[in-house]
Amino acid sequence: TDEDEKKLRNSGKKNKERRFYSSMITYVKGDITESGADVIVNLVNCEGKVDKLSHAVFSKYPQAKKWYADICSNPTVNPSKVHPSPLLGKITYDYIPDLRVGEDTEDMVLIANCFIKEAADDFINAKALGLCFSQLKQSVGKSSMAIPAAGAWAAEKILKDCDIAIYSKRRNALYNY
């Protein structure tokens, strides 16, 4: 409700996870890797370079970073000098042990690497983001998903019927959408 949302905004408590609800979409101030969602959506570029969108996930799950770099450097999957990259608008899925539970666990987290930018310093390709989110809805639509705030505008349109949480480490980023 509006009153609950106002209380959260004015609570003044730092480092607390703040949630704002809009139908099936939850807005969370916090670390996406601590979400507990079935699927962590990772927004990546086609160059294989870690940028600010993918840093949190790759720093927590180095195995996912290695697989991502391998895909981007594979010439049969991502030939150089081909623009747009064949990876743009595609998703790769990586099952990784859930480190929140412990390394000796069978609990897994699914990381969905959505290729939404040609290069690390490019802007987000809206068409590629839309394609990725449409694929996500078809493949894992019934699962809970954690999405970075940079993808909020597309998630609100395409994934509005899914159980998603939009994450930002900064409070201000949640109010821009």
Side-chain angles (χ1 to χ4, degrees), residues 1-2 4-5 8-9 16-46 50-61 63-65 67-68 71 85-101 105-117 123-177:
T1 66
D2 291 336
D4 293 335
E5 191 173 316
L8 280 174
R9 284 185 189 161
K16 286 278 187 185
E17 190 174 88
R18 296 181 182 189
R19 294 179 174 266
F20 303 96
Y21 298 96
S22 169
S23 63
M24 303 273 299
I25 301 174
T26 306
Y27 297 86
V28 182
K29 178 184 179 262
D31 186 351
I32 194 168
T33 62
E34 299 294 325
S35 67
D38 298 327
V39 181
I40 296 176
V41 176
N42 194 20
L43 305 178
V44 298
N45 62 68
C46 299
V50 176
D51 59 13
K52 65 182 178 179
L53 289 177
S54 58
H55 175 73
V57 174
F58 287 147
S59 61
K60 177 83 175 223
Y61 299 103
Q63 184 63 44
K65 179 181 175 183
W67 292 339
Y68 161 70
I71 288 169
S85 168
L87 289 173
L88 194 63
K90 304 279 191 296
I91 302 175
T92 61
Y93 296 98
D94 301 324
Y95 277 101
I96 308 286
D98 190 347
L99 299 177
R100 292 176 312 110
V101 179
T105 182
E106 292 184 12
D107 289 341
M108 303 292 272
V109 64
L110 178 61
I111 297 175
N113 290 314
C114 296
F115 290 87
I116 60 158
K117 299 190 320 181
F123 292 107
I124 292 173
N125 183 314
K127 184 176 179 181
L129 184 60
L131 287 169
C132 287
F133 282 1
S134 294
Q135 291 171 47
L136 273 173
K137 188 172 185 174
Q138 290 176 355
S139 59
V140 295
K142 301 290 184 199
S143 303
S144 62
M145 292 181 256
I147 298 172
W153 56 273
E156 289 173 342
K157 291 179 181 177
I158 298 167
L159 301 172
K160 64 182 173 228
D161 300 331
C162 301
D163 179 18
I164 63 171
I166 297 174
Y167 277 79
S168 174
K169 288 190 173 186
R170 297 181 337 218
R171 186 177 134 245
N172 295 351
L174 296 175
Y175 297 111
N176 292 333
Y177 297 105

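In this chain, residues are counted from 1 in sequence order.
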Distance in Å, [X] [atom1] paired with [Y] [atom2], rounded so as to fall on 0.5 Å steps:
X	Y	atom1	atom2	value
Ile91	Asn42	CD1	CG	11.5 Å
Leu159	Ile164	CG	CD1	5.0 Å
Ser143	Leu110	OG	CG	7.5 Å

Which heavy atom in Ile166 sits nearest to a heavy atom in Ala149, and how many Å separate them?
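Closest approach of Ile166 to Ala149, heavy atoms only: CG2-CA, 3.6 Å.
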Measure across Ala146 and Ala37 and return the closest heavy-atom pair with its distance rounded to 0.1 Å.
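Nearest pair, atom of Ala146 first, then Ala37: N-CB, 3.7 Å.
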Are Lys117 and Asp51 side-chain neighbours, meaning at least one heavy-atom pair lies under 4.5 Å?
yes
Are any non-hydrogen side-chain atoms of Cys132 and Ile116 less than 4.5 angstrom apart?
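Contact flag for Cys132/Ile116 side chains = yes.
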If only atom types and distance count, is the side chain of [X] paired as donor or acceptor with the main-chain N or O of [Y] below 3.5 Å?
X	Y	result
Glu156	Gly151	no
Ser144	Asp38	yes
Ser54	Val50	no

May I ask you to check whether over 12 heavy atoms, not counting those of Tyr93, lie within 6.0 Å of atom OH?
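More than 12 heavy atoms, drawn from other residues, nucleotides or ligands, come within 6.0 Å of this atom.
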Only one of Ile40, Thr33, Ile32, Asp31 passes side-chain contact (heavy atoms from CB on, under 4.5 Å) with Tyr167, and that residue is Ile32
Under the side-chain contact (heavy atoms from CB on, under 4.5 Å) rule, collect the residues that match up with Thr92, sequence neighbours excluded.
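Residues passing side-chain contact (heavy atoms from CB on, under 4.5 Å) with Thr92: Ile71, Asn113, Phe115.
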